[in-house]
K.L.:
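Supplied in structure tokens, the structure appears directly below.
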Amino acid sequence: MSYPAEPYKIKVVEPIAMTTRKQREQYIKDAGYNTFLLQSKQTYIDLLTDSGTTAMSDNQWAGMMLGDEAYSGSINFYHLQDTVAEYYGYKHVVPTHQGRGAENLLSSLLVKEGDYVPGNMYFTTTRAHQERNGATFVDIIIDEAHDSQKDLPFKGNIDLSKLEKLINEVGADKIPYVCLAITVNLAGGQPVSMANIREVSKLCKKHNILVMYDATRCVENAYFIKDREPEYKDATIAAILKEMMSYSDGCTMSGKKDCLVNIGGFLCMNDDELYQRASELVVLFEGMPSYGGLAGRDMEAMARGIVESVDFHYIHHRIAQCRYLADKLEAAGVPIVKPVGGHAVFLDARAFLPHVPQEQYPAQSLAAELYIESGVRSMERGIISAGRDRKTGKNHMPKLELVRLTIPRRVYTYAHLDVVAESVIRLFKHRDDIKGLDMVYEPKFLRFFTARFEPLK
Ligand SMILES: *Cc1c(COP(=O)(O)O)cnc(C)c1O
């Protein structure tokens with residue numbers, strides 16, 4: 001398969017910093033060997049995250065000028081509401097400043113102390129909000145998702161027998177909702193099939209359990225359904241997206257991902273009573289139910305981004321960029337998570353650095369080394385991101401110890417990805433020289449954001 005050229009042309013450019021290896025050694029030391037703590041201007045190619053790093057279109061920027069900054073009832077809110085209804089199909093939308101604002105509302109509204117929230121692998125902020133409200137997160141993703149080398153088309157699927165077992169063990173009344181992530185970020189951006197979504201929805205209906213999506217990357221998921229589920233090969237991305245959403249009761253959304261904006265998010269639901277309660281709560285944390293922490297212009301950009309996001313050529317190119325980088329790395333024997341997902345290429349740090357035990361943070365160390373090598377910024381998704389068990393205080397020991405090379409939307413070209421591939425391959429040749437790290441500062445919540453490290457002697 002070939003790689004489609006960029007379906008956009010460049011109208012505005014943003015110069016990026018060039019640094020020397022010597023400078024980068026100092027910068028990463030100052031940042032406590034944590035790529036989150038580097039300054040943007042110290043970074044050459046920034047693959048830290050695809051969150052809010054999107055290049056907006058001329059159409060979105062034009063929409064920003066039409067921001068109606070009224071305190072309440074802005075026209076941009078109604079535009080967003082109509083767009084969400086048209087493309088996602090939900091009756092109600094509550095804007096929030098970003099995805100975790102919606103997660104906070106949802107968990108506060110539905111979770112009680114002692115509840116269980118099953119999901120297809122955890123996401124950092126999502127689980128943190130569930131736990132903060134007294135729930136225990138239960139991972140019900142298929143076993144194969146924890147194996148970085150298992151090449152399955154829908155590695156994000158839920159294992160229905162795990163869900164049934166949980167229902168039998170704790171009772172449906174202890175499960176306020178199933179949190180179904182489409183796609184699964186921490187499994188490597190792996191999609192969920194429409195068939196699996198339908199089965200989960202059916203089982204939950206039977207037991208009166210809500211299905212709430214983490215819809216952050218729902219357009220990528222729709223693309224994979226078109227690509228891999230034969231029944232959908234001639235369907236449009238928009239039609240697949242709307243069908244997917246129809247099997248849920250609502251969703252949390254980070255607009256910073258698949259809505260193609262730099263800030264924003266929302267909570268959706270069909271239930272009138274739940275919407276009523278969400279409208280009461282959002283005032284405490286975000287703002288009026290008609291802006292939820294966003295300016296009118298932000299809501300306008302998000303509404304326009306939703307429409308652009310279902311364009312086949314946009315999403316086809318995005319997924320092809322991931323495949324392009326993955327193909328280059330694989331050809332050189334670099335261990336990566338397979339199959340390649342929708343937003344990133346994940347290096348398998350366990351296989352890359354078999355001589356560094358997980359307690360010495362191989363993925364964290366590899367991310368720091370990659371930065372020193374070429375100024376490419378990536379992120380750890382392993383033992384540091386997994387954090388500690390809420391009850392025992394012990395480290396979670398995830399099977400996947402990964403470095404995420406996340407591709408921002410519409411920002412970089414294939415030439416940038418060549419630079420990334422070449423520097424990872426150079427590191428791979430010298431992998432025996434890479435050592436582990438010692439954690440010298442550990443914050444209490446979401447430690448990966450601000451923890452600090454020192455190289456082991
Ligand atoms: C980014 C993300 C979130 C949180 O969204 P924010 O906008 O960063 O608060 C939740 N779930 C998934 C899968 C994400 O990737």
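Ligands are counted one by one from 1 in listed order, and the atoms in each one are counted from 1 as well. Only a predicted model underlies this, so the values are computations on that prediction, with no experimental measurement involved.
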K.L.:
What protein heavy atom sits nearest atom 3 (C) of ligand 1, and how far away is it?
P.N.:
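The closest one turns out to be F123 CE2, 3.4 Å.
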K.L.:
Looking at every non-hydrogen atom in both residues, tell me the closest pair between I383 and E401 and how far apart they are.
P.N.:
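Looks like N-OE1, 3.0 Å.
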K.L.:
Please could you name the atoms of ligand 1 that K256 approaches to less than 4.0 Å, counting only its heavy atoms?
P.N.:
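Listed by number with element, the hits are 7 (O).
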K.L.:
Looking only at protein heavy atoms, which one is nearest to atom 1 (C) of ligand 1, and what is the separation?
P.N.:
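Going by distance alone, atom 1 (C) of ligand 1 is nearest to K257 NZ, 1.4 Å.
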K.L.:
Set out, in order, the CA-CA distance, both residues' side-chain angles and the distance that settles side-chain contact (heavy atoms from CB on, under 4.5 Å) for V261 and D298, then state yes or no.
P.N.:
CA-CA 8 Å; V261 286; D298 297 329; over 6 Å; no
K.L.:
Give the residue and atom name of whichever protein heavy atom lies nearest to atom 4 (C) of ligand 1, and the separation in Å to one decimal.
P.N.:
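Looking only at protein heavy atoms, the one closest to atom 4 (C) of ligand 1 is T125 OG1, 3.6 Å.
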K.L.:
Counting only N and O atoms by type, is there a donor-acceptor contact under 3.5 Å from the side chain of T83 to the main-chain atoms of H79?
P.N.:
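Yes; judged by distance alone, with no hydrogens or angles, the pair exists.
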K.L.:
Which heavy atom in A215 sits nearest to a heavy atom in M253, and how many Å separate them?
P.N.:
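Closest pair (atom of A215, atom of M253, distance): O-SD, 3.2 Å.
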K.L.:
So, applying ring pair (Phe, Tyr, Trp, His ring centres under 6.0 Å) with F453, which one of Y33, F36, Y361 is it?
P.N.:
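Between F453 and the candidates, ring pair (Phe, Tyr, Trp, His ring centres under 6.0 Å) is satisfied uniquely by Y361.
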K.L.:
So which protein heavy atom does atom 10 (C) of ligand 1 come closest to, and at what separation?
P.N.:
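Ranking protein heavy atoms by distance from atom 10 (C) of ligand 1, first comes E103 OE2, 3.0 Å.
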K.L.:
Checking the N or O distance criterion of under 3.5 Å, is ligand 1 in contact with D214?
P.N.:
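Indeed, backbone or side chain, D214 has an N or O that close.
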K.L.:
Would you mind checking which non-hydrogen protein atom is closest to atom 7 (O) of ligand 1, with the distance to 0.1 Å?
P.N.:
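Protein heavy atom at minimum distance: S254 OG, 2.6 Å.
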K.L.:
Determine the minimum heavy-atom distance between K391 and D389, stating which atoms define it.
P.N.:
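Taking every non-hydrogen atom into account, N-OD1, 2.7 Å.
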K.L.:
Would you say the side chain of Y27 lies within less than 4.5 Å of the side chain of L38, judging by non-hydrogen atoms?
P.N.:
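Sidechains of Y27 and L38: in contact.
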K.L.:
To the nearest 0.1 Å, how far is atom 6 (P) of ligand 1 from its closest protein heavy atom, and which atom is that?
P.N.:
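Closest protein heavy atom to atom 6 (P) of ligand 1: Q98 NE2, 3.3 Å.
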K.L.:
Check whether any N or O atom of G99, backbone or side chain, sits under 3.5 Å from an N or O atom of ligand 1, and answer yes or no.
P.N.:
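Yes; at least one N/O pair falls below 3.5 Å.
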K.L.:
Below a 4.0 angstrom heavy-atom separation, can you tell me which part of R100, side chain or backbone, both or neither, approaches ligand 1?
P.N.:
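Looking at R100 and ligand 1, atoms from backbone and side chain both fall under 4.0 Å.
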